[in-house]
Amino acid sequence: MARFASLVLDIPTRALTAPYDYAVPEELEGDVAVGCTVLVNFSGRPAVGYVVAVSDDAPEGVDPEKVKPLEQVLAPSAFCSAQARLGLWMAREYAAPLNACFRLLLPAGQTVKVTKGDNGWSLDGSVPDAPEDRWVALTEKGRDFVPRANALRQREVLEGLAEGPQRLADLAAVSPGARGAVTALEKKGVVTVSSSLKTGAVDETSLSSARAPRPRVLTQGQRDALSAIARAREAADGSVVLVDGVTGSGKTEVYLQAIEETLAQGRTAIVLVPEISLTAQTVGRFRGRFGDEVSILHSRLSTGERRQQWELARTGHSRVVVGARSALFAPLDNVGLIVVDEEHEQSYKQDQAPRYHARETAAELARLHGAALVLGSATPSMESLERCREGSWRGVPWVRASMPERPGSAVLPAVSVVDMREQFRDRNGSPLSAPLRKALLETHAAGEKSVLLLNRRGFASFLMCRDCGCVPTCPHCSTSLTYHERTRELACHTCGSRWPARAYPDPGTVCPSCGSRYLGAYGIGTQRVEDELRALLPGAPIVRMDADTTKAKGAHQKLLEEFDASPGAVLVGTQMIAKGLDFPDVTLVGVVNADTSLKLPDFRAAERTYGLLEQVAGRAGRGEKPGRVLIQTYWPTHPAITSVAQHNRAAFVRYEMAMRREADYPPFTRLGNVTVSSTNEGLAERVVTQVADELRAATAGRPGWRVLGPTDCLKAKAKDRYRRHVLVKAPLSADLGAVLAEACREVDSRGTSVAIDVDACDLM
DNA sequence: AGCACGCCGACT
DNA sequence: GTCGGCGTGCTC
């Protein structure tokens, strides 16, 4: 009986849209399975392929004469057939090249390059080093050890270890500088480092005794969420549970118990977290509960370490995989549960091909495995909320489990809004309003800490000529240049170019366009705020965190340590301070300019602003002392701002949903974006026009479809490439990726690059 | 991606 | 009359 294998060929082109079939020679039958990497003769040349299906039946619709035998097996199976179907689905759903989708499924370090040796061809790529297997554990006396105030790294390590022993490699990957901290702690006798906890031959006694106990009591919300997840698992159809819980409501404990139940049924689990929240403590919580049954996949692991973690999952040694976006493709069999934490995070959308959304891809994988999908968030995406309201999406049930209570006694911070228009009328030209100044003084006087958030998204300092109105722009990009006062430079945030510059009242100032000397600086930068703070609070420790001060390796960490160790300090920074920051003695959070991101020409502007404010507001008063939040805005009536102030998310969601429905935006429609870029402006223009014409021809008369544009991208020129795009709105049931791919195939796009983005998040 | 097949201009 | 341009299409 002859056998046949269906292969996805690793040839980088959109032209290959389907697998090709090859015969399996008898002598290779034992080695060929779904997930294998094989070598074939493809139109006279060697090509690498991945087996997506194996069958006893000859391929249909192919001349049997043409079916060639596959030549060699290059690597054993890396994925199962559910994952193979996921790869095929992604290629179609996201109009991505097939080979790019399948590369996601390969182990770290495997390349496509092959070289000819004595025994035929072999895959390039060195076999990864055996990764170190040193484990770090707290000693008895270490449990009571309190690190010095400024030893943030040590504290991070200890927080991670409090939940159970960890691999040194994991600690180091997740927390830079952990190696040093561990060495220091070992000297003090606080921790022990041993290689006795060999993977696969675990010292059960030391590990299980170190496992964190389950809390005895769950909140009503946690119990409800768990039973909803249990029902979803029983349905075995990819059912989704949205765990809608405020910060601190115990979502992680829900995940942990849901995973325990899944493992007890002999199935496996995948947990996705945003890269930024993959901290030592997060890893520790999972390790603490599941010991070495957990694999960690993280972009900061070395290739060898990642390969090792991957191999542990493939061989069944670990049945839980925790990691960022790409952990979704870990080689786990029989997946029963997938968790996507912070499901609203935009980082789940990949911004390079394949432009997949991890939440949507997780939903498809859950469906393919008959697993349950758990989405967690304190500010769920509009998509998830709407699907739960509808009760289903793509034929699969979606339910929302609400967890409003916080275990313990933490109280919500008092949020007040400062109307900056009044400040302007009162001749206060400072970026800090009178109420915020007062609050800063009080907080500092009490020896407590403040955090000031500068919402720089879509906003920065720039130079403008008062005479002719000209704003210097980048010659390589279409963006206006950002002015850096400290270094006296104009910088392009798109391509990174920098020029020395002078601003009024410097006597050397000259407007590049009209020669006037009234070229002045506008907008508020972190430097300006820092300067104001120094004037307001002379002698107070002020830490500034932005792209400039965190560029150096480890600078991020260092600045946080500095802030942590200084009583009465103020931290000034951009978005990056909103997430993951958890200092108990911060009692004041100020948002300097809440509304700049509201004005962006992006339909998700309000949602993002709301999310950011909600998140930053949660940073106040996490310890014993109550916190307060001051939000400065020129738009105090916008629901994204009033809803945060009133702790009324429902009001925001009601407003935002109405806007989206009105304007035909997601979650009520699908949105596709095709961007054509080229160094040749006319060529980009011609190609994008043809794409738009094809799309119009393909969708004419179909209800719910609209083709908008073409128009210049918001960044009309970037890195010397001209960029134009077409937007497509389609009904929720539409096969948007297939339609976009088909239209683009019809167009001769040589000399340009065409980026298809299905369910686009970033429309810049 | 490669490499065939295929139909129009300047050469032995 | 042929050699060669690279435009279109196929590869299990």
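Only heavy atoms go into these numbers, but all of them, side chains included; no hydrogens, no water, no symmetry mates.
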Would you indicate what A:P12 reaches in the nucleic acid, counting non-hydrogen atoms under 4.0 angstrom: base, sugar-phosphate, or nothing?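 Result for A:P12 = sugar-phosphate.
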
Take the protein atom [atom1] of [X] and the nucleotide atom [atom2] of [N], then report the distance between them rounded to whole Å.
| X | N | atom1 | atom2 | answer |
| --- | --- | --- | --- | --- |
| A:E65 | C:dC12 | CD | P | 13 Å |
| A:D21 | C:dC12 | CG | P | 11 Å |
| A:L16 | C:dC12 | CG | C1' | 10 Å |
| A:K68 | C:dT11 | NZ | P | 10 Å |
| A:D63 | C:dT11 | CG | C1' | 13 Å |

Verify whether one side chain among A:T268 and A:R319 offers a donor that lies under 3.5 Å from an acceptor in the other.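 Per modelled atom types, A:T268 and A:R319 side chains form no pair under 3.5 Å.
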
Say whether A:D10 and A:Y50, considering side chains only, have a donor N or O and an acceptor N or O under 3.5 Å apart.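 Indeed, the side chains of A:D10 and A:Y50 share at least one donor-acceptor pair under 3.5 Å.
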
Within this structure, what is the OG1-CZ distance for the pair A:T37 and A:F102, rounded to the nearest 0.5 Å?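 Going from the OG1 atom of A:T37 to the CZ atom of A:F102 covers 11.0 Å.
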
Is A:F42 stacked on the base of C:dT11, with ring centres under 5.5 Å apart and planes under 30° apart?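 Stacking between A:F42 and C:dT11: present.
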
What nucleotide among C:dT8, C:dC12, B:dC3 has an atom nearest to a side-chain atom of A:Y20?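 From the listed options, C:dC12 comes nearest.
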
A:Y356 ring center within less than 6.0 Å of A:F329 ring center: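 Here the rings of A:Y356 and A:F329 have centres that are less than 6.0 Å from each other.
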
With respect to the phosphate group of C:dC12, does any side-chain polar atom (N or O) of A:Y22 fall under 4.0 Å of OP1 or OP2?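 Looking at the OP1 and OP2 atoms of C:dC12, one of them is under 4.0 Å from a side-chain N or O of A:Y22.
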
